[in-house]
Amino acid sequence: MIPVNKLRTQTEMVRKSLEKRGWNQDRIAVIDEINALDDQRKNFQLQLDSSLNETRQLSAKIGELMKKGSVEEADQLKERIPQLKESIKELEEAFRNCKTELGDKLLTVPNALHDSVPFGKGAEDNEVYKDWQNDFPDIGEKPLPHWELAKKYNIIDFERGAFITGSGFPLFQGKGARLNRALINFFLDEAIDNGYLEIRPPFLVNEDSARATGQLPDKEGQMYFIQEDNFYLIPTGEVPITNIYRDVILKESDFPIRMVGMTPCFRREAGSYGSDVKGLNRVHQFDKVEIVHIEHPDKSYETLQKMLDHVEKLLIKLELPYRILRLCGGDLGFTSALTFDFEVYATAQKKWLEVSSVSNFEDFQANRLMLRYKDETGKTNLAHTLNGSALALARIVAAVLENNQCESGIKVPKVLRKYTGFDMID
RNA sequence: GGUGAGGUGGGUGAGUGGCUGAAACCAGCAGUUUGCUAAACUGCCGUACGGGUAACUGUACCGCGGGUUCGAAUCCCGCCCUCACCGCCA
């Protein structure tokens, strides 16, 4: 949620952001509505506070009189209470309604964008920030897509997964399962070597947590929900890991905070279809190693760059062809100020697969999390949050399988061999 | 799931209807003293939303939500959570 003060003091910047996101003037008008509502809210509060104050003072006087035994005088003062209460009730209601309406409107405003975010409508307008086009591997005359490789070498059983649960719940077995585990360990170890604190969080979260990181109300339909206990299955490790710092006031010396965690991710992916959902391209359950940073506002873009470097290094070590995109205004997530996507080329499918999304949320998430820090003057300010996948498993597995196939099997990337314990899937 | 106890400021913990936004202690910050260390002493030490150029000041918050009362941390109701024991169980 965008902080009201930011919206009020930097109105033009916010307006421009919404334009970049492709909002028309009619929609952008919420900004003015929010301004008006906020004025109203202050006005109600002023009236409410003064009425409450009057009541308190009256009560104090009544107390004194009672103590002195002047019961009649006290009763006289009491006579004024009903009218006061009546007006307090009305004001409270008006105040509450006003705040609710303001809150609802605020929830519809996406994050303000970083200056560098390009204009654009959708995925086709994303800027190629870094391309690596000459390095697609030679995988022979008749390369197989990963779902056929999976079958050929008996390492992923999509049918049985669908039988046990439903489509989109892949079952890894044998060397497939071990490859998956090897990747997880490789990613975690790389992050730990890089100074991250490893976290193993809960995989289900309550409503407050889902709201704080912005999954609610925005992406309600994307999450699996356990009705009986009011829990959501996490769609990403970002949710439980970032929520470690919900309602926290940090000292400046606590920065930087860097965490990494592997979690399964559960996504309903309602409305997806076609070749996008073939094999491992888009599944309902997958593992992901997520990095989360909490930063001082002055440092967050420097940090974003470091995160990009970290993710890029993983892909280089895995020897996968990748490119980096800077998302345009139309394709950027609701909560993000600037996002870079990493895509890996699945050579058999001839498809770019998104394997990481690295974002700076600035203070947007922190505002809902109530995650702040005290600066040297003692003032509390919102911190900045950032996160990124490092990396998302299922699609990386797909790319590893497709890009390393040869006549005799699938070669395991060198960096993974100490984790898998084998060099070939055959 | 059952029974019992409990949820107060960064921590420990007092507080059973008005003088309590909350004692005391610890931690933390600033200062005095001090050859250094230690100790002692003094002051400060919650958050949010408002008003005011400022000094300062209003309101709300003692797990959450309702209620009783002129007045609630304190009484009543519902919920949540924690702890202990029992049951069940990887």
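Letters go in sequence order (proteins before strands), and every chain restarts at 1.
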**Q.** Interatomic distance, A:E252 CD vs B:C29 P [rounded to whole Å]
**A.** 15 Å
Q.
Would you measure the distance from the C1' atom in B:A22 across to the matching atom in B:A73 and give it in whole Å?
A. 8 Å
Q | Atom of A:E402, atom of A:A346 and distance for their closest heavy-atom approach | A | OE1-CB, 3.3 Å
Q. Does A:N360 reach the main-chain N or O of A:E362 with its side chain, forming a donor-acceptor pair under 3.5 Å?
A. yes
**Q.** Plane angle bin for A:F340 and A:Y129 - parallel if under 30°, tilted between 30 and 60°, otherwise perpendicular
**A.** tilted
Q. How far, in whole Å, is B:A54 from B:C62 if one measures between their C1' atoms?
A. 33 Å
Q. What is the per-nucleotide protein-contact pattern of nucleotides 47-75 of chain B, from the 5' end, where B denotes a base atom under 4.0 Å from a protein heavy atom, S denotes such proximity for sugar-phosphate atoms only, and - denotes neither?
A. SSBSS------BSS---------BS----
**Q.** B:A23 and B:U8, which share atom name P, separated by this distance in whole Å
**A.** 16 Å
Q.
From CG of A:N206 over to P of B:U82, roughly how many Å is that when rounded to an integer?
A. 11 Å
Q) Just by modelled atom types, is the A:D39 backbone N or O under 3.5 Å from a matching donor or acceptor in the A:N43 side chain? A) no
Q | P spacing across the pair B:U57 / B:G21, given as an integer number of angstrom | A | 15 Å
Q.
Once you measure the plane-to-plane angle for A:H296 and A:F255, does it fall in the parallel (<30°), tilted (30-60°) or perpendicular (>60°) bin?
A. perpendicular
Q.
Can you tell me the base-pairing partner of B:G18? Count Watson-Crick or G-U wobble geometry only, both distances below 3.5 Å, and say none if there is no partner.
A. B:C70
Q. So which nucleotide does B:C49 pair with, by the Watson-Crick or G-U wobble rule with both distances under 3.5 Å?
A. B:G58
Q) Counting only Watson-Crick or G-U wobble pairs whose two distances fall under 3.5 Å, which nucleotide matches B:G7? A) B:C80
Q: Count the heavy atoms belonging to other residues, nucleotides or ligands that lie under 6.0 Å from CD of A:E93, then report whether that count exceeds 12.
A: no
